[in-house]
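Written out below as structure tokens is the structure these notes cover.
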Amino acid sequence: MLELEMVFAFLLLGALVGFVAGLLGVGGGGIMVPILTSLFLHQGIIMNNVMHLALGTSMACIIITSISSLRAHHKKRAVDWEVVRKMSFGIIIGTFASTFIASYLSSFYLAMFFTLFMAFIAIKMLFHKQVIQTKETFGTANLLISSTGIGAISALVSIGGGSLTVPYLVANNIDIKKAIGTSAAIGLPISLAGTCGYLINGWNSGIETNYSLGFIYLPAVLLISVTSFLTAPYGVKASHYLPVSILKKLFALLLVLLSLKMFLTIM
């Protein structure tokens, strides 16, 4: 039986993730993974499996948010479906294959990679620079390598890929609004492939907890998805009244602190 305090914790985490996603336009993996790691350790999950369970659970949660996001962008005609089609193959291959790599890494190395990547994201937020567009168009080899790399990194840190996909699309002459909408749509194959990969790789992991499928903890997915779906619209409304540029810098610092805390806990 799931403890009541854990139910409330997952509901609150979902509410936070949804609101921040709506407010700042960023995914929730940077918040979910460190907090889920702490919650799973509290539940008694062994150290060597805790990062894998956090990554897989976070990836499954992103499915709902990516569907909601891509629908909203599609209604505004802000999704370039031709680019989505071209990138999906590499995205799926890279994401799915990367979950196999993750399954062989210890929680220590996964936490180290996650922390370093979040520090990179934080630096980008703190010292934002406009992406320089090139005159090049999407080449087949370039597209395949880039989309595979985006998928692989996204799986290792459990994100929808927006922080990597948007700059890549803008650099290839995609309008910023369409880049954001297209990135939101690309988040769906990332989350689906990542979820399948973490489910398969964790099937015989021996995680001693009820209600889990592979590296996915089902109660957390359900509770986080419900409240994040409900609070995201309020974040969008708040973005019109709050100083988003300042909040992004504060959020960047929060990402670093959460990641460092998680890393030090697993050391």
Side-chain angles (χ1 to χ4, degrees), residues 17-18 21 25-30 32-33 52 54-103 114 117 121 138-172 174-175 177-203 213-216 218 221 224-225 228-229 232:
V17 167
V26 294
M32 277 193 286
V33 173
H52 304 80
L55 289 169
T57 301
S58 174
M59 187 62 79
C61 292
I62 294 173
I63 293 176
I64 302 299
T65 56
S66 63
I67 290 174
S68 176
S69 181
L70 79 85
R71 286 183 62 191
H73 286 291
H74 177 67
K75 287 181 180 179
K76 295 180 180 179
R77 301 180 182 273
V79 179
D80 189 328
W81 288 106
E82 181 63 18
V83 173
V84 175
R85 183 186 66 80
K86 289 180 178 179
M87 292 188 67
S88 289
F89 178 76
I91 286 289
I92 292 170
I93 295 298
T95 304
F96 188 71
S98 192
T99 62
F100 285 80
I101 297 173
S103 68
F114 182 91
F117 183 80
I121 296 300
F138 290 106
T140 303
N142 174 283
L143 189 67
L144 180 61
I145 294 171
S146 298
S147 57
T148 302
I150 289 170
I153 295 174
S154 297
L156 288 174
V157 292
S158 194
I159 59 173
S163 57
L164 299 172
T165 309
V166 172
Y168 172 71
L169 294 177
V170 171
N172 282 273
I174 302 293
D175 176 74
K177 290 183 179 179
K178 278 225 167 183
I180 293 171
T182 304
S183 173
I186 289 172
L188 182 57
I190 287 176
S191 57
L192 288 172
T195 299
C196 290
Y198 279 114
L199 189 153
I200 292 170
N201 282 287
W203 197 261
L213 285 177
F215 288 130
I216 300 168
L218 298 179
V221 174
I224 291 171
S225 297
S228 64
F229 184 81

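Numbering of residues begins at 1 and proceeds along the displayed sequence.
Counting only distance, with no hydrogens or angles, the side chain of Y198 and the backbone of A155 share a donor-acceptor pair below 3.5 Å. Counting only distance, with no hydrogens or angles, the side chain of H52 and the backbone of A102 share a donor-acceptor pair below 3.5 Å. No donor-acceptor pair under 3.5 Å is formed between the side chain of S228 and the backbone N or O of G18. Here the side chain of S225 pairs no donor or acceptor atom with the backbone of I64 at under 3.5 angstrom. Distance alone, capped at 3.5 Å, is enough to place a donor-acceptor pair between the S191 side chain and the L188 backbone. Under the 3.5 Å distance criterion, the side-chain polar atoms of T57 are left unmatched by any main-chain donor or acceptor of A54. T182 contributes no side-chain N or O that, together with a main-chain N or O of A179, makes up a donor-acceptor pair within less than 3.5 Å. Within the 3.5 Å criterion, the main-chain N or O of F100 finds a donor-acceptor partner in the side chain of S103.
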| request: Please step through side-chain contact (heavy atoms from CB on, under 4.5 Å) for the pair C61 and M32, ending with a clear verdict. | output: CA-CA 9 Å; C61 292; M32 277 193 286; 3.8 Å; yes
| request: Apply side-chain contact (heavy atoms from CB on, under 4.5 Å) to the pair F114 and V33, showing each step before the final yes or no. | output: CA-CA 9 Å; F114 182 91; V33 173; 3.7 Å; yes
| task | Could you check T148 against I91 for side-chain contact (heavy atoms from CB on, under 4.5 Å), going step by step and ending with a plain yes or no? | result | CA-CA 5 Å; T148 302; I91 286 289; over 6 Å; no
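The side-chain heavy atoms of L218 and I216, taken from C-beta on, include a pair separated by under 4.5 Å. Looking at heavy atoms from C-beta onward, Y168 lies in side-chain contact with M87 at the 4.5 angstrom threshold. A 4.5 Å side-chain heavy-atom check between M59 and F215 finds every atom pair outside the cut-off.
Interatomic distance, CD1 of I150 versus CD1 of I145, reported as 12.0 Å (0.5 Å rounding). Interatomic distance, I101 CD1 to S98 OG, rounded to the nearest 0.5 Å: 5.0 Å. To the nearest 0.5 Å, atoms OG (S163) and CZ (F117) are separated by 4.0 Å. In this structure, OG on S66 lies 11.5 Å from CD1 on I186, to the nearest 0.5 angstrom. The CG atom of L199 sits 8.5 Å away from atom OG1 of T195, with the distance rounded to the nearest 0.5 Å. The CD1 atom of I180 sits 10.5 Å away from the CG atom of L169 when rounded to the nearest 0.5 Å.
Taking all atoms of both residues into account, the shortest heavy-atom contact from V221 to A60 is CG2-CB, 3.7 Å. Smallest separation of non-hydrogen atoms from R77 and K178: O-CE, 3.5 Å. G90 approaches L144 most closely through the heavy-atom pair CA-CD1, 4.0 Å.
Remark: the T99 side chain and the N201 side chain contain an N/O donor-acceptor pair separated by less than 3.5 Å.
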